[in-house]
Number of protein chains: 2
Amino acid sequence: MKEGPDIAQIGALIGDPARANMLTALMGGKALTATELAAAGGITVQTASTHLARLEAGQLLSQRKQGRHRYFTLADDAVGKLLENIMGFAAGRGHLRHQPGPKEPALRKARICYDHLAGDFGVRMLDSLVAKGAIDAVGEGLALTGKGESALQCIGIDVGDLKSSRRPLCRSCLDWSERRAHLAGSLGKALLSNFFDKGWARRTAGSRSVIFSPEGERQFLALFPVDAN
Amino acid sequence: MKEGPDIAQIGALIGDPARANMLTALMGGKALTATELAAAGGITVQTASTHLARLEAGQLLSQRKQGRHRYFTLADDAVGKLLENIMGFAAGRGHLRHQPGPKEPALRKARICYDHLAGDFGVRMLDSLVAKGAIDAVGEGLALTGKGESALQCIGIDVGDLKSSRRPLCRSCLDWSERRAHLAGSLGKALLSNFFDKGWARRTAGSRSVIFSPEGERQFLALFPVDAN
DNA sequence: ACGATACTTCGACCGTAACCGAAGCATGCC
DNA sequence: GGCATGCTTCGGTTACGGTCGAAGTATCGT
């Protein structure tokens with residue numbers, strides 16, 4: 001029997017609650033230390049250490065030693081994509097964790113998906129870009145138009161720079177809370193950092209959620225209108 | 001911490017080798033009985049039964065009782081897509097199972113991915129359709145052109161029927177062996193059954209691989225040429 | 001009705017791995 | 001050097017889940 005690649009191995013890696021929580025925490029895009037990840041997983045540092053070693057051996061994580069800290073990140077964006085995929089699937093099945101905590105709404109509104117914007121705001125942004133004709137949506141795929149390129153130039157994003165990278169410019173990424181696509185790829189990343197740079201929004205300490213300032217939110221909503229229909 | 005959907009739960013479901021093997025077997029698209037799945041997983045029927053119950057509770061599988069048999073299938077194509085996703089990821093990391101058995105080449109050449117054609121032949125078919133202008137590839141997405149629609153009509157596939165279904169017509173699906181896209185969606189399914197109907201190819205008993213007859217292969221290669229460049 | 005087949009449930013066993021306390025390295029700071 | 005901090009390794013405990021034999025339930029064939 002035994003056909004094809006070994007999905008059990010990575011399934012098992014993701015299948016432990018502590019590890020899953022640590023991976024989820026790393027979806028925030030920031031590099032985290034072993035101690036921070038231990039807190040995220042709800043376990044002691046010793047236990048976290050062995051988990052992290054396993055995850056690194058399985059090539060889901062990579063670590064960078066810096067002074068007496070060890071910073072862990074997801075190995076690459078393929079890992080991030082895989083995790084968001086699984087999250088989308090899990091959310092679709094109603095496999096949510098029952099924790100109606102106060103953070104949940106903020107998370108649904110705007111959060112980081114590895115390195116780009118997700119949640120209600122992420123979906124709205126993509127919708128608006130498509131409606132404006134800045135991005136062509138064909139089937140599941142996305143492509144930046146000439147019109148879109150110049151529009152982005154005005155916001156302060158040089159698409160030429162992004163094009164030179166090996167990473168695809170536009171990707172669609174399934175949003176687990178909205179169950180619709182939002183914008184990933186190097187352009188998605190550039191847009192999010194643009195918002196940070198402008199002071200429209202900021203990351204939160206221990207969470208994936210993104211907080212918009214009142215003024216930032218106003219600007220964002222104006223820039224990405226959604227046509228009432 | 002605990003943010004977002006519970007990925008650990010489904011990770012754990014996929015993370016057991018026996019369950020992973022059973023799920024992989026079901027990627028062949030056929031409904032299988034508990035006994036067949038036990039063999040696929042390399043375990044006894046008792047053990048398989050408990051595993052299957054778990055998988056069903058987790059909504060990865062659905063069963064249909066028929067006489068004294070119970071036929072299991074993947075719950076829906078979202079499950080198939082998820083599994084192929086993970087396979088692609090695992091293959092990319094070199095997490096292959098070391099089993100250089102004789103079946104491997106056949107599997108790489110042509111196999112079933114839930115309900116459509118994958119492997120070398122699957123990738124070739126999509127490449128050829130795109131080269132011909134039958135399908136537009138924009139970014140990651142696929143869209144059938146008018147030209148493609150009439151071409152399919154000639155082969156004996158009525159696209160109108162497919163369009164009425166809720167399921168998307170064209171999807172791209174990452175091929176774990178070729179690491180490139182092949183055609184999924186209802187059109188992918190229709191094409192594969194078309195090949196079966198014509199007698200060009202047939203399923204194999206205990207495997208996902210698809211065997212083309214000499215004549216069928218000739219026709220297939222003629223229909224989907226790949227331009228030497 | 002009886003036996004055979006397909007599958008599930010029960011009970012018991014066992015192994016793995018998750019877990020933490022304590023000790024061991026490594027690095028930084030004074 | 002001496003001490004604090006960050007992390008890993010070791011040792012030992014514990015518990016969960018995977019496993020199968022045996023028994024129980026359902027369905028088919030004759």
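Everything numeric in this text was worked out from a predicted model, so none of it was measured. The chains referred to below are lettered A, B, ... by the order of the sequence lines, with proteins before strands, and numbering in each begins at 1.
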Expressed in angstrom and rounded to an integer, what is the separation of [X] atom [atom1] from [N] atom [atom2]?
X	N	atom1	atom2	answer
B/Ile43	C/dC14	CD1	C1'	17 Å
A/Asn21	C/dC19	CG	P	10 Å
A/Met22	C/dA18	CE	P	10 Å
A/Leu13	C/dA18	CG	C1'	14 Å
B/Gln9	D/dG17	CD	C1'	15 Å
A/Gln46	D/dC10	CD	P	14 Å
A/His69	D/dT5	NE2	C1'	8 Å
A/Arg64	D/dG6	CZ	P	17 Å

Candidate nucleotides [options], ranked by approach to the side chain of [X] - the nearest:
X	options	value
A/Arg19	C/dA6, C/dA18, D/dT8	C/dA18
B/Lys65	D/dT8, D/dA26, D/dT19	D/dA26
B/His51	D/dG18, C/dT8, D/dT8	D/dG18
A/Arg68	C/dT27, C/dC19, D/dT27	C/dT27
B/Thr50	C/dT8, D/dT19, C/dA18	D/dT19
B/Arg54	C/dC20, D/dG17, D/dT19	D/dG17
B/Thr47	C/dC20, D/dT19, D/dT8	D/dT19
B/Thr44	D/dT19, D/dT8, D/dC20	D/dC20

Is the shortest heavy-atom distance from the side chain of B/Gln63 to the side chain of B/Leu52 under 4.5 Å?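 They are not in contact (no side-chain heavy atoms under 4.5 Å apart), so the answer is no.
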
Regarding B/Thr44 and B/Gln46, do their side chains bring together a donor and an acceptor under 3.5 Å, going by distance alone? yes

